[in-house]
There are 4 protein chains.
Amino acid sequence: MTRSFASDNNAGAHPEVLAALARVNEGHVRAYGDDPFTASAIATLRGHLGETAEIFFVFGGTGANVLGLHALMRPHEAVICSQYAHIHVDECGAPERFIGCKLVGVEAPDGKVTPEAVTARLGVVGNEHHSQPRVVSISQATEYGTVYTPEEVRALADTAHAHELWLHVDGARIANAAAALDVPLRAITADAGVDVLSLGGTKNGLVGGEAVVFFDPARAERFRFMRKQAMQLPSKMRFIAAQFEALFVNDLWLRSARHANAMAQRLAERVRDVPGVTITQAVDANAVFATLPAGTVPALQESCFFYVWDEGRSEVRWMASWDTTEEDVDAFASTIARAMGSPRQASSTS
Amino acid sequence: MTRSFASDNNAGAHPEVLAALARVNEGHVRAYGDDPFTASAIATLRGHLGETAEIFFVFGGTGANVLGLHALMRPHEAVICSQYAHIHVDECGAPERFIGCKLVGVEAPDGKVTPEAVTARLGVVGNEHHSQPRVVSISQATEYGTVYTPEEVRALADTAHAHELWLHVDGARIANAAAALDVPLRAITADAGVDVLSLGGTKNGLVGGEAVVFFDPARAERFRFMRKQAMQLPSKMRFIAAQFEALFVNDLWLRSARHANAMAQRLAERVRDVPGVTITQAVDANAVFATLPAGTVPALQESCFFYVWDEGRSEVRWMASWDTTEEDVDAFASTIARAMGSPRQASSTS
Amino acid sequence: MTRSFASDNNAGAHPEVLAALARVNEGHVRAYGDDPFTASAIATLRGHLGETAEIFFVFGGTGANVLGLHALMRPHEAVICSQYAHIHVDECGAPERFIGCKLVGVEAPDGKVTPEAVTARLGVVGNEHHSQPRVVSISQATEYGTVYTPEEVRALADTAHAHELWLHVDGARIANAAAALDVPLRAITADAGVDVLSLGGTKNGLVGGEAVVFFDPARAERFRFMRKQAMQLPSKMRFIAAQFEALFVNDLWLRSARHANAMAQRLAERVRDVPGVTITQAVDANAVFATLPAGTVPALQESCFFYVWDEGRSEVRWMASWDTTEEDVDAFASTIARAMGSPRQASSTS
Amino acid sequence: MTRSFASDNNAGAHPEVLAALARVNEGHVRAYGDDPFTASAIATLRGHLGETAEIFFVFGGTGANVLGLHALMRPHEAVICSQYAHIHVDECGAPERFIGCKLVGVEAPDGKVTPEAVTARLGVVGNEHHSQPRVVSISQATEYGTVYTPEEVRALADTAHAHELWLHVDGARIANAAAALDVPLRAITADAGVDVLSLGGTKNGLVGGEAVVFFDPARAERFRFMRKQAMQLPSKMRFIAAQFEALFVNDLWLRSARHANAMAQRLAERVRDVPGVTITQAVDANAVFATLPAGTVPALQESCFFYVWDEGRSEVRWMASWDTTEEDVDAFASTIARAMGSPRQASSTS
């Protein structure tokens, strides 16, 4: 088997995406986004996100997050996010470095920030000794594979805006969230009060590329300069644009996300009753979190690589991708069951 | 005609490069460079740059330059470069922002920094009120299309090292320089005393991707962390690695660079004697710089887009690419000649 | 009464310190520390901190901390400190802004970081997605008025050094710590393995001024430039040097710190048994932390200002200074007792 | 002789300033500027600068400049200043480091930026590859001791504002400029269209302290937080406030500046006709620039220290202070004359 459950960024690119690269390769176009392919991709994305959305392509997810936040704040300000937020614990301090700001992680056992957790952090407002909260950042789907409902996003947006904060969404997996909720992208972004979105592409079948989306053009006013200074302005922009066009023109984004989610569901169902396996989070999107007897992990990783999420609790993460097959899932579930010493359970699932 | 003389980053990707993307697309591999395709590409590059070279792929040229410099210095230090250096005038302050350092531009009428210009800037060493020179950065080929000989690079390296400075090369077009000099890459980098190189790929026919090369592994010690924090760590690294493999495994880099250089030479020869056209720089690599009567520029740009380099002097830049054809050159030369009012001259060149 | 229990930085300057300013005011001396008064003060300080210590005067405490940390690390690295550390929660993000690093706050109910808390954070070492721990920073005395023993400092230093981390001490109140422990400054710094110290002056009776102390000169190598770039190089340095000379030449630092500590002890004893008052931390140095019935706080603050430390727990901080008198303490204790409705208790203490 | 002509920051503090420190030393006041002495000093300064001016005290001149600029711009923007500007060449890259911006130095043979030099740099506006000009910064008096007239300041302000730039003044020596012009401070700041001023204190007889002045309160909105994060918030603020009160309540600032200017004039007159001495700049304020035979400089420096300004041209700077006496000047002039081999000339001046 050549496919693992390590991460959706371990998968390759969808064939429709590769084909799109070839399609835009002919002849010369101006660099840095001043080309018809970029214009077309933005128009396609606006169909999903709103006609007034300002959309900028960038190289990677860290860049998208850092730039989206940077546009909303100044260095003496703070971002309120989950204690598990990718921007807080998985980007090697990139936000602090580039923005000069502080990140304030709040407790979020299921990965989701609540309005109460936000307001609890506002006591420092106006006190010059403390970084001033200016942005609430949530991940959708979260790092724990859970999903905010449109109402939950709206409640956070209302809380944020009531206190002159902005709402930022790290949407590296927003496709999986929308697929899980069975709502259009707009329902959990523009229509729910989100100010800025990192629109993920890489984890949903692109070769590479992300977009920063501003729902109020006023927020994007000087963003072009910020993107350049942040080393995130692709010169042959047409190749990133074309990938997004491929992803969004025929709902490839949704097909792929639905499939990945279904594979995670299938895996969860296959292993849920295996003795020794305890699923620890709601399987809303394309990830399954589970605790296993610590001793069983290394051999399992050997047979099919995945990451340990929390060493202390022996919690692991299994993640499905656009290219995960039912056979992959069933084989892996069998392997898990065997590793837990219950081969019958596993075979019964196939 | 769909090809301009605006820039080599207006061209698409070479077919061999696109094919390489498809070739590595199967199955899952670990992200962030821990995969066999990346290992293979690095091995291939070491064949050109030296077996001890430490090589890191990044998204873009600005990122490559900023990171290479960052690894060599601290924020209270300064980079000595040409007044025309891309890092100094074309990256929207990215080095200052990310490194926190100062760039000191020295006069360089042909785009080339001299040892004398470097030593003239060292009077501030030891004085805490002044940013301390730590790196000399040169562009090879320069922004003016000129090329440093191996001896010139060596002289700069010796000068730098004699004063405890490092030598950094912005090699966005180093392929064109090596092709022009007819030497291997090593002759103008490792063997000439260069410490760090931005090895360009995008402008020589990639979809997108650059590499940072350290010739002494000691310089690269903590670079992995710097790359991540700088938002320049590609998650699906195999796709950048595969492009470099395609570029360097069968000397595509050299074939493309030689061709682009030859096309620039051809253009220079075709227009050199056209009245009104004055070529202002040596045509060492793939660029032709010329002054034109200001009034003739807009119509020429209309027929085939290119950039004005210096408005005041009415100096323009024409740049050839891997995909520029002889027909492109001859047609453009005719257009120029006609625009100058000398149709005969132009026709005689075809 | 004109003296509060709000903070030791609400006090003025000690008369011996003011006198020292006048003493060095005659004539011209070179600026920026190249003067005999600065040399003399450094010599005096070396008598307390070790003859090889490198000592630099700066304007303020935030600057001292940020610069000391900056000298020890690079931006992709992290500082491990207490969740209550001044650098983490009271400096408006200055370390993140200037260094570009991440601060990792660990649980510390009594304000003190433990070796176990440090090692628990080292699982990320070597993983490029996470800021790399490079410095352990402790406050001595802590923000909770508690004090690390020499053995506790040594254990932290050993733990740090065993993992290639440095030990930094925010010594805004290190005088109070040394006085409390009745040991020389060296016993809790150089002799205990500390690498860098912010040596506080302002809170111990100066007009203003702090020092950064490196116990290994190798750490201080390029510090002069860092200080200048950090906007912390005083031009008329003699005036900061003279204050430190006054503080350390005749043990004014110790007299003042002992006195402040004694006044805090006196206050703690006076109010310890007052019903409604619960002292929450060991009164090691010059601060008393206590919980009070929330309703009693505003009126008390009105009569003698102090700060609420934790709104949720109704925990307050009372801090004694070099100029706090026994009468101040007794009067304040009486006021507290009256506010708690137990006048008898209070009067019995006088 | 204990007074040199090296710099006005080689002088001590004026006795009226020292006396002011003692005057505010009694009792406790809140820290960080929330005290009556700070309020009073601000009121006094508003009498000179306008009732709506927002005024913030900081530790030093570099901090004042960097913070004033920071409040006006974002990191992708640029400051246009003279090639000799202190912020550009004498602050070890502090603006680049803290703001993340670029400084663009323009030719200014007499130290003064012209409106034409500003507009010549605006061709990059709107081009994302270039740092966007946002602030014009001038030094008043300039680093060359020259002074902008109110009309010259107004012309720069009008040019700046016409292009959506701000005008910043580094007023480390603005007192000398106002004294030279014989106008109130307001005439060359608020009334001339200046947006932000670094109001110098240290070089005009303070122990240490500067102020950042915003003439439109809208510019100062979040400045308190910026000052704290920039490590420039003095905790015992009363002591800086009191010095400014002393400087401005009885026109000490003007008396001192006039005196220093007069001493520079006297020196210029004494040496102007000495063979070998060529005064190179207008002696508007308190500095004299002159070229000398290179061989004469070391011995002269030995007898009375001063700085060489431009090694190549053998240009030196002599600077008078609030405490320079006529005797100091005459003795130094005689020394110079003797060193030039013209004892008669020198004696005739005494």
Side-chain angles (χ1 to χ4, degrees), chain A residues 30-35 38 54 56-58 63 66-67 69-79 94-103 122 124-135 164-165 212 218-235 237, chain D residues 30-35 38 54 56-58 63 66-67 69-79 94-103 122 124-135 164-165 212 218-235 237:
Chain A
R30 293 203 197 178
Y32 306 113
D34 186 14
D35 70 85
T38 301
E54 290 286 349
F56 300 85
F57 298 118
V58 297
V66 168
L67 271 165
L69 294 170
H70 172 58
L72 298 176
M73 64 194 302
R74 299 221 48 177
H76 65 273
E77 297 176 335
V79 179
E96 287 91 341
R97 172 73 174 281
F98 191 75
I99 307 174
C101 68
K102 199 168 188 83
L103 301 191
L122 301 181
V124 299
V125 169
N127 182 329
E128 70 201 336
H129 298 280
H130 306 293
S131 296
Q132 299 291 295
R134 180 63 59 221
V135 184
E164 298 185 40
L165 278 67
V212 182
R219 301 279 74 71
E221 225 176 284
R222 298 191 279 177
F223 190 74
R224 285 188 309 124
F225 304 101
M226 298 174 186
R227 176 174 60 175
K228 174 63 189 176
Q229 197 183 27
M231 310 173 277
Q232 288 287 326
L233 176 63
S235 70
M237 185 76 86
Chain D
R30 293 203 197 178
Y32 305 113
D34 186 15
D35 70 84
T38 301
E54 290 284 351
F56 300 85
F57 298 118
V58 297
V66 169
L67 271 164
L69 293 170
H70 173 57
L72 298 176
M73 64 192 304
R74 299 221 47 177
H76 65 271
E77 297 176 335
V79 178
E96 288 91 340
R97 172 74 174 280
F98 191 75
I99 307 174
C101 68
K102 199 168 189 83
L103 301 191
L122 301 181
V124 299
V125 169
N127 182 330
E128 69 200 335
H129 299 279
H130 306 292
S131 298
Q132 299 292 295
R134 179 64 59 221
V135 184
E164 297 185 40
L165 277 67
V212 182
R219 299 281 75 68
E221 227 177 281
R222 298 190 279 176
F223 189 75
R224 285 188 309 124
F225 304 102
M226 298 173 186
R227 177 174 59 174
K228 174 63 189 174
Q229 196 182 28
M231 312 174 276
Q232 287 288 325
L233 176 64
S235 70
M237 185 77 85

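Remember, predicted model here, so these are calculated numbers, not experimental data.
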- Message: If you define the side chain from C-beta out and look only at heavy atoms, does anything of D:Phe225 sit under 4.5 Å from A:Arg74?
- Response: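 D:Phe225 does not reach A:Arg74 side chain to side chain.
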
- Task: Evaluate the side-chain proximity of A:Glu77 to D:Arg222: yes if any heavy-atom separation is below 4.5 Å, no if none is.
- Result: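 Yes; the side chains approach each other to less than 4.5 Å.
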
- Heavy-atom distances under 4.5 Å only: say whether D:Gln229 touches chain A with side chain, backbone, both or neither.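 Side chain only.
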
- Task: Check step by step if side-chain contact (heavy atoms from CB on, under 4.5 Å) holds for D:Lys228 and A:His76.
- Result: CA-CA 9 Å; D:Lys228 174 63 189 174; A:His76 65 273; over 6 Å; no

- Query: Do you know which of A:His70, A:Gln132, A:His129 has the most heavy-atom pairs with chain D at a distance under 4.5 angstrom?
  - Reply: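 Ranked by contacts with chain D, first place is A:His129.
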
